[in-house]
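What you are looking at is a predicted structure, and each value in this text was computed from that prediction instead of being measured.
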Amino acid sequence: MILVLAYSAVLLSFFSGLLGLMMHQRRHILLFSQYWFKKFPSDNEGSQSVLTGCLEARRFPVLLRQAVFALLGLSGVFAVLAGLSVLIGKEVVTDQLSLGLPWLPWHVRFDCLSGFFFLIVGIAVSAVSLYGPGYVNSYQENQHPFAILSLFTGLFVAGMLLVLLADDAFFFMIAWELMSVASYFLVAFQHENSANRRAAFLYLLMAEVGALAIILGFGVLASFSDGFTFDALRASHLSTTWASIAFMLALLGFGMKAGIVPVHVWLPEAHPVAPSHISALMSGVMLKVALYGLIRFCFDLIGDVQWQWGVVLLILGTISALGGILYAMMQPNLKRLLAYSSVENIGIIFMVLGLSMIFMANGHPQLAALGFLAALFHAFNHALFKNLLFLGAGMIHHQTHELNIDMMGGLIKKMPKTSVLFLIGCMSISSLPLFNGFVSEWLAFQTALQVDVLDNGVLRSLIPVAAAALALTAALAAACFVKVFGLIFLGQPRSHHCDKAHEVQDKGMLAGPALLAGLCFLFGIFPGPVISLINGVSGQLLGETLPNDAALGWLWLAPVSANQASYAPPLVLIGALIAGCISFWYLRRNPATALRISETWDCGFGGLTPRMQYSSSAFTMPFRRIFAKVWIIDEQIDKDMQGAMNQDVAAVHYHLQIQDHSWPRLYHPIEHAVNKLAQLVGRIQTGNIRVYLGYSFATLLLLLWVIS
């Protein structure tokens with residue numbers, strides 16, 4: 001029954017894409033009907049029937065879009081049901097499909113780890129299915145066919161679900177490539193823009209390099225086993241050296257897809273140019289599928305983890321978390337900022353996974369389970385609030401036609417419902433209490449604070465530094481999203497589009513983000529159910545659960561022991577409500593002076609204008625001065641002078657460009673090396689037949705020497 005639910009989720013996502021192809025055929029019928037009606041008189045009985053068909057054809061695309069997203073929503077619902085079923089039952093279900101090669105069928109395994117990520121995918125897809133019909137109406141069918149968008153969206157979701165079901169390397173890579181190639185076409189959907197084509201090519205290039213690394217990692221395991229099934233790979237006995245080689249290959253492949261520094265450069269290029277609901281799925285879900293692959297490879301297939309691997313993940317995660325949020329702060333483009341923020345959150349997850357490996361390798365399995373739980377819980381939370389923020393960014397773009405934060409402002413009065421939903425997302429990603437992001441980061445800190453159980457002096461020094469970097473990351477994230485919400489929703493509109501903006505009329509576009517916002521608040525107050533589900537994943541994969549299961553209730557959360565640290569979200573909520581009521585009563589106790597309306601102080605300049613407000617670059621200037629070495633900064637101030645001897649300043653032009661260090665330090669040297677190598681190889685083609693015969697003769701001699 002559980003596998004039926006999982007298979008249904010995959011098939012429904014496939015069918016949603018196939019149904020979208022009907023749009024293309026129906027569009028041709030519509031064009032033909034229009035042509036027929038223009039050619040023949042309107043009083044003709046046949047032309048009148050054609051006109052009726054034409055009008056029906058015009059209504060058909062709306063119904064078809066709704067049907068496509070309804071199937072996608074059902075896919076998400078079935079994925080949620082399948083994930084919850086296997087997590088609650090703590091089962092391991094296997095199957096075999098005769099869809100691969102004759103001697104290598106597809107093997108399926110659905111366990112708690114797969115079920116948990118099925119749950120993540122299902123929730124996100126369900127929210128997108130509510131949001132999608134209203135959002136895609138803004139696309140012109142002639143330029144951006146819905147058939148293309150729906151087809152590759154369905155294949156993309158199906159590919160992610162199949163990755164989670166795969167139980168052999170062959171099936172895994174087919175599903176992985178389906179996910180990657182389908183998402184490439186979604187990134188290139190608006191291909192008339194050169195930036196979209198460049199981002200899509202970069203994404204596909206790095207995705208294929210990562211896929212090669214994953215294949216080589218599986219190859220290392222397969223060379224010490226008798227097959228490609230995951231059961232055979234689990235039984236392989238690797239030396240420490242070969243296990244470390246396999247780990248590094250897996251880290252490169254899955255880390256590239258997850259967006260870990262320094263192989264993250266595709267992410268801030270690809271996510272902003274995709275349609276917003278696709279950006280939400282890529283950033284909120286696809287990155288988690290890459291995380292699933294790394295966990296499956298290291299904790300399940302290799303099994304015997306080394307503490308050195310944990311140190312690598314800890315260092316890379318720390319750099320990614322701190323670097324990701326610092327780069328996010330400097331971005332004026334909203335979706336690009338959110339993409340860099342995903343690098344930060346993936347870094348946090350890698351940090352805690354590294355702690356889990358360190359504790360496991362040093363003989364502390366319960367603390368390893370705590371770190372594992374914190375990592376998975378933050379992955380779950382990130383999927384919720386990052387999907388919420390990307391969908392919110394899509395609503396803002398849909399209504400204002402702007403993504404530049406410096407051109408927004410004052411939207412809290414124009415789009416009040418959107419502003420509330422976006423505020424919940426900002427508070428969640430900033431790890432503020434009462435929201436889900438705080439709980440998972442608090443668990444991450446609790447994991448790092450257990451460093452005193454380790455005997456290794458290097459680790460006892462390194463882990464507190466990483467914990468301090470995590471604290472700094474959390475503070476910078478709060479500052480970053482104060483900037484985002486303040487510049488977008490507060491103040492005065494900075495553009496005509498923002499001044500004329502209004503709330504989204506489509507209820508579905510509000511329902512999807514509202515679902516995610518409600519879950520962010522719900523699991524921030526009652527994290528116990530999700531933690532219990534993840535505890536089952538830890539017990540099945542690591543053989544250990546949290547140190548103190550009795551302290552995990554609906555009221556108190558004590559991951560180590562109640563004597564060391566505990567957190568009670570419902571009590572914090574009650575305290576916040578009491579404080580709010582007291583403040584409200586105190587401010588309104590005198591009706592005569594309780595409410596005072598006055599003009600905003602304008603420093604005596606005689607009326608506020610949008611030019612007096614903070615810009616994105618002005619808000620982040622102190623951080624840019626403090627962390628100047630983090631970026632490559634090109635800052636220019638040009639003055640237009642006038643008057644006698646050019647003494648008066650007529651205008652000031654400010655230019656700021658921030659560049660990632662990864663490009664000049666890593667990717668440009670690789671580019672130059674590849675071009676140089678291509679030039680050297682190109683010299684082989686001389687065009688002389690005698691030279692080519694010489695190549696053949698030399699190759700023949702070499703092969704004879706090797707054989708002999």
Side-chain angles (χ1 to χ4, degrees), residues 6-7 9-18 20 72 75-76 79 83 97 99-100 106 108-110 113-114 117-122 124-125 128 148-189 199-215 217-218 250 252-259 263 266-267 270-271 274-275 277-297 342 346 379 383 386-387:
Y7 289 156
V10 176
L11 292 176
L12 284 169
S13 61
F14 266 122
F15 289 151
S16 70
L18 295 177
L72 200 63
S75 172
L97 303 175
L99 296 175
W106 290 357
V108 174
R109 175 187 174 95
F110 197 45
L113 182 62
S114 302
F117 284 91
F118 248 72
L119 181 62
I120 291 176
V121 175
V125 170
V128 165
I148 302 298
L149 181 62
S150 60
L151 173 63
F152 289 108
T153 300
L155 294 177
F156 177 45
V157 174
M160 290 190 291
L161 294 175
L162 289 174
V163 168
L164 303 178
L165 290 174
D167 195 37
D168 64 71
F170 180 67
F171 182 21
F172 186 96
M173 291 311 304
I174 289 177
W176 186 268
E177 286 300 286
L178 176 63
M179 175 185 71
S180 299
V181 174
S183 54
Y184 159 77
F185 285 102
L186 294 172
V187 172
F189 180 61
F201 173 76
L202 178 63
Y203 166 63
L204 185 63
L205 176 64
M206 298 196 70
E208 294 310 308
V209 171
L212 289 174
I214 296 171
I215 291 173
F218 281 132
L252 175 61
F254 294 116
M256 190 171 290
K257 181 69 75 174
V263 290
W266 66 269
L267 196 151
H271 288 196
H277 64 296
I278 301 301
S279 300
L281 290 178
M282 292 181 69
S283 189
V285 181
M286 187 183 72
L287 304 187
K288 309 307 176 303
V289 175
L291 177 66
Y292 162 84
L294 183 66
I295 293 174
R296 176 69 74 186
F297 195 96
S342 294
I346 288 296
K386 188 49 64 72
N387 273 274

Of all the heavy-atom pairs spanning A250 and F297, show the shortest one and how long it is.
-> CB-CD2, 3.5 Å

The side chain to side chain contact (heavy atoms under 4.5 Å, CB included) partners of A6 (sequence neighbours excluded) come to A82, F110, F118, L165

Listed partners of L252 passing side chain to side chain contact (heavy atoms under 4.5 Å, CB included), at least two apart = A213, M256, V263

What distance do I174 atom CD1 and M179 atom CE have between them, rounded to the nearest 0.5 Å?
-> 14.0 Å

Contact summary for N387 and G284, nearest pair of heavy atoms | ND2-CA, 3.5 Å

Between atom OG of S75 and atom CZ of F15, what is the distance when rounded to the nearest 0.5 Å?
-> 11.0 Å

So, for A258 and A290, which heavy atoms are closest and what is the spacing to 0.1 Å?
-> N-CB, 3.7 Å

Under the side chain to side chain contact (heavy atoms under 4.5 Å, CB included) rule, what do V163 and F172 come out as? Steps first, then yes or no, please.
-> CA-CA 5 Å; V163 168; F172 186 96; 3.7 Å; yes

So, for A124 and V285, which heavy atoms are closest and what is the spacing to 0.1 Å?
-> CB-CG2, 3.2 Å

Scan residues 282-296 for pairs that pass side chain to side chain donor-acceptor pair (under 3.5 Å), counting only residues two or more places apart or in two chains.
-> D111-R296, S114-Y292, S114-R296, S283-S342, K288-H382, Y292-R296, R296-D300

So do L291 and F254 actually touch side chain to side chain, heavy atoms under 4.5 Å?
-> no

So the side chain to side chain donor-acceptor pair (under 3.5 Å) pairs with at least one residue in residues 163-177 (sequence neighbours excluded) are H107-D168

Is there side-chain contact between F218 and F170, with at least one heavy-atom pair below 4.5 Å?
-> no

Going by atom type alone, with no hydrogens or angles, which donor-acceptor pairs under 3.5 Å involve a side-chain atom of residues 149-161 and a protein atom two or more places apart or on another chain?
| from | atom 1 | to | atom 2 | distance (Å) |
| --- | --- | --- | --- | --- |
| S150 | OG | F146 | O | 2.9 |
| S150 | OG | A147 | O | 3.1 |
| T153 | OG1 | L149 | O | 2.6 |

Just wondering, do L12 and L72 contact through their side chains at under 4.5 Å, heavy atoms?
-> no

The reported gap from CG in L162 to OG in S13 (rounded to nearest 0.5 angstrom) is 7.5 Å

Non-hydrogen side-chain atoms of L287 and M282 separated by less than 4.5 Å | no

Can I get a per-line list of side-chain donor-acceptor pairs under 3.5 Å for residues 199-207, giving both atom names and the distance, sequence neighbours left out?
| from | atom 1 | to | atom 2 | distance (Å) |
| --- | --- | --- | --- | --- |
| Y203 | OH | S183 | OG | 2.4 |
| Y203 | OH | K257 | NZ | 3.2 |

How about I215 and M173: do any of their side-chain heavy atoms sit closer than 4.5 Å?
-> yes

Partners passing side-chain hydrogen bond (donor to acceptor under 3.5 Å, both in side chains) against S279 (at least two apart in sequence or in another chain) | K335

Residues in side chain to side chain contact (heavy atoms under 4.5 Å, CB included) contact with L97, at least two apart in sequence or another chain | Y7, D95, L99, W106, V108

